[in-house]
Protein chains: 2
Amino acid sequence: MSMMNMEWYRIFLHTARVGNLTRAAQELHITQPSVSYAIKQLEEALGVKLFDRLSKGVALTSEGRTLLDYVEKSFTLLDNGEKQIASLRNYASGELRIGASGPIIKHLLLTPLDELRSQHPNVRIRLFQGNTADIRTRLVEGQIDLGFVHLPYVDPELQIKPLTAIQGCFVVGPAYKELARQPITPADLNKLPLLFLSRGSHTRQFIERWFAEQGIAVEVDMELNSSEMLVELARHGYGAAYVTRSFVQQELRDEALFELTTTAPIPERFIGVATRSSASLSLIADHYMGLLSATF
Amino acid sequence: MSMMNMEWYRIFLHTARVGNLTRAAQELHITQPSVSYAIKQLEEALGVKLFDRLSKGVALTSEGRTLLDYVEKSFTLLDNGEKQIASLRNYASGELRIGASGPIIKHLLLTPLDELRSQHPNVRIRLFQGNTADIRTRLVEGQIDLGFVHLPYVDPELQIKPLTAIQGCFVVGPAYKELARQPITPADLNKLPLLFLSRGSHTRQFIERWFAEQGIAVEVDMELNSSEMLVELARHGYGAAYVTRSFVQQELRDEALFELTTTAPIPERFIGVATRSSASLSLIADHYMGLLSATF
DNA sequence: ACATGATATAGATCACCTCTATGGCTATTG
DNA sequence: CAATAGCCATAGAGGTGATCTATATCATGT
């Protein structure tokens, strides 16, 4: 329970370096008596003489030199801590830990993430892929700052911010262009070669459930791990790919792909960002949330 | 140029540990509003939120946790520094560095040194042997705290405290016992086998000068590095040894040795302790000086 | 709705840091 | 050797800001 005052130590440190109360005072922008007083206080509190008063200034005593070692190291640490906080505040360091529940989600988070990375290149970005249960666990354990989940999702521990809707659709290449003229029934759709994401993905489960609801036992022809590959194969006429519409916006405009309208509508899915309700967001996570909101 | 206040950090540290402003306040023996205020000040100074205020207390934010690492380490260092100073003050640590100009001197400093060591066993004692010039150099360079020198000795850089006089004398073993009956002339002394310390020692120079002043070119029969060996050989009848009288007090009383009185008196030599005049003594050195004064 | 246990805020008080002014000491200089 | 300059210590006044008391506010559980 020491009664020391940080100012005393700061003054001690500076005085020890310049060896002259008057000059130390000038550089600390205080008066010489203040320095004299502070050092006297410190000496009395510690019970040892820290400086010899010489005619040309002051010089550390043996005990003062011992103390200086500790004080210098201690202040360096504290300075580093403050610098670290400052750099966190400027997003000039730190890390952003994101969990995402499926490959599609990457297309939602990547745009604002790119922006973040270009603005603040020293922020380390950690991306964890996992299903919704994994994300929940990591969130409540504080291993990630925020996680992308499919809505609806309710959890007392988590706070959910709805982000955007995504609309899945079937697309085909120019070879099947004619089919896009009018709505197609799920049954007819099933007669086409179907290109889906791999079994186990949320998207795959969703579209299979949709087929099932239409009374169709779906037959999958090709299953791939990435939406990009689905799109590529669809363009080359391998069949109809089920992808997020926003993901192929450009190709649809360029008429490199054509959307098949289904007679039964494919419902929207909603995506949200989950954060732990008890803890507050780190500065970077908060910043990224802002970018997300701006994007959607 | 940080504007932080050590008290803020101390309060931050304690609050982070207990996670509760009210309890932190109790343990710091201040009021809860003070803690609240201090943390608010620190947060504003750093520009980041350090704690999440929960219903059950407070919890560190991500940034707060980052800061805590630094503050903990920094405070540990400062605490250790203060503990170190405290232990120096209690002579529970530290070192005492002594320079001694000749083997005889050891018999002067050892008694108080033994006392110091038994009272404060954790003080490390460093003993440097060297001639007066070595001691001077080491003193002004701050390598030793104090040095024993033969007086008179004047040096503007050093402060000399006279300690005691030592009286040299010639001693012989029982074989030469009869010679001790009456004073002996230097010339007759020179006819005996003479046992001296090695050439180069201050003592040797002193006694050779004394012989020279008596007009005698001294002939040395044996020269040895330690007074102990001189005494041993004298006891066995090898001749007359020149030693410090106080060093053979016991043997003279036991009549294991006999002192030869010289017709011309052998002057006393005076011993003093030298310290650097500009720097102040370390606490331990000062304490030892006290013991020295008490002994002589 | 109420009691409990927590933090935040307001305003008064006062400790103590900082200031100005000055004195004393030690070297340096004409 | 007196004079000057540079440096630290001390005294006393003044003001800043930390701490206090009292109270508000808010969340939680009964």
Side-chain angles (χ1 to χ4, degrees), chain A residues 1-46 48-61 64 156-159 276-280, chain B residues 1-46 48-61 64 156-159 276-280:
Chain A
M1 197 64 65
S2 67
M3 297 300 293
M4 306 307 154
N5 179 316
M6 166 153 294
E7 212 50 32
W8 298 350
Y9 278 124
R10 194 196 314 288
I11 292 171
F12 164 72
L13 188 58
H14 206 83
T15 304
R17 282 180 179 150
V18 306
N20 180 314
L21 300 206
T22 310
R23 196 132 47 84
Q26 288 166 358
E27 293 174 16
L28 291 168
H29 304 295
I30 55 179
T31 59
Q32 172 266 319
S34 296
V35 175
S36 182
Y37 175 80
I39 285 171
K40 194 181 175 192
Q41 293 296 313
L42 186 59
E43 287 180 330
E44 284 176 3
L46 292 172
V48 296
K49 188 145 73 82
L50 296 171
F51 290 103
D52 284 322
R53 275 66 167 179
L54 312 176
S55 61
K56 293 175 68 78
V58 294
L60 283 169
T61 61
E157 297 256 29
L158 302 185
Q159 198 162 15
R276 191 147 58 125
S277 37
S278 63
S280 72
Chain B
M1 195 66 71
S2 70
M3 295 302 293
M4 306 308 154
N5 179 318
M6 166 153 295
E7 213 48 33
W8 297 350
Y9 278 125
R10 192 195 315 287
I11 292 171
F12 164 73
L13 187 58
H14 207 81
T15 304
R17 283 180 177 150
V18 306
N20 181 313
L21 299 204
T22 310
R23 196 133 45 87
Q26 288 166 358
E27 294 174 14
L28 291 168
H29 305 294
I30 54 179
T31 59
Q32 172 267 319
S34 296
V35 175
S36 182
Y37 174 78
I39 285 172
K40 194 180 174 191
Q41 294 295 314
L42 186 59
E43 286 180 330
E44 283 176 4
L46 291 171
V48 296
K49 187 146 73 82
L50 296 172
F51 290 103
D52 284 322
R53 275 67 167 179
L54 312 176
S55 63
K56 294 174 67 77
V58 293
L60 283 169
T61 60
E157 297 256 29
L158 302 185
Q159 198 160 15
R276 191 149 55 128
S277 38
S278 64
S280 72

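A note on names: the letters A, B, ... follow the listed sequences, proteins ahead of strands, and every chain is numbered from 1.
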Inset, instruction - Can you check each nucleotide of nucleotides 17-30 of chain D against protein heavy atoms at under 4.0 Å and return B for base, S for sugar-phosphate only, - for none, in 5' to 3' order? - result: -SBSBB----SS--
Inset, instruction - Whole angstrom is fine here: how far is it from CD in Gln26(B) over to C1' in dA6(C)? - result: 12 Å
Legend entry - Close side-chain approach of Arg10(B) to Met6(B), heavy-atom, < 4.5 Å: yes
Inset, instruction - Check the distance between dC16(C)'s C1' and Glu44(A)'s CD and give it to me in whole angstrom. - result: 14 Å
Inset, instruction - For residues Ile30(B) and Ile11(B), determine if any side-chain heavy atom of one lies less than 4.5 Å from a side-chain heavy atom of the other. - result: yes
Inset, instruction - Would you mind reading off the distance between Glu43(A) atom CD and dC8(D) atom P, rounded to a whole angstrom? - result: 13 Å
Inset, instruction - Verify the contact: side-chain N or O of Ser36(A) to OP1 or OP2 of dC8(D), cut-off strictly under 4.0 Å; return yes or no. - result: no
Inset, instruction - Look at the side-chain N and O atoms of Lys40(B) and state whether any lies under 4.0 Å from the OP1 or OP2 oxygen of dT9(C). - result: yes
Legend entry - Salt-bridge contact Lys40(A)-Glu43(A) (side-chain N to carboxylate O under 4.0 Å): no
Inset, instruction - Please determine, by modelled atom types, if Thr61(A) and Asp52(A) share a side-chain donor-acceptor pair under 3.5 angstrom. - result: no
Inset, instruction - Compare side-chain N and O positions of Asn20(B) against OP1 and OP2 of dG5(C) and report whether any pair is under 4.0 Å apart. - result: no
Inset, instruction - Please state how far atom CD1 in Ile39(A) lies from atom P in dC7(D), giving the value in whole angstrom units. - result: 15 Å
Legend entry - Integer-rounded Å distance: dG5(C) P and Leu54(B) CG: 18 Å
Inset, instruction - Give a yes/no on whether any side-chain N or O of Arg53(B) is located under 4.0 angstrom from OP1 or OP2 of dA8(C). - result: yes
Inset, instruction - Could you check how far CZ of Arg23(B) sits from P of dT4(C), rounded to whole Å? - result: 19 Å
Legend entry - Under 4.0 angstrom between Thr22(A) side-chain N/O and dG6(D) OP1 or OP2: no
Legend entry - Non-hydrogen atoms of Gln32(B) and Thr22(B) that approach each other most closely: CG-OG1, 4.0 Å
Legend entry - Minimum heavy-atom distance Ala45(B)-Trp8(B), with the two atoms named: CB-CZ3, 4.0 Å
Inset, instruction - Determine the minimum heavy-atom distance between Leu158(A) and Arg276(A), stating which atoms define it. - result: CD2-CA, 4.2 Å
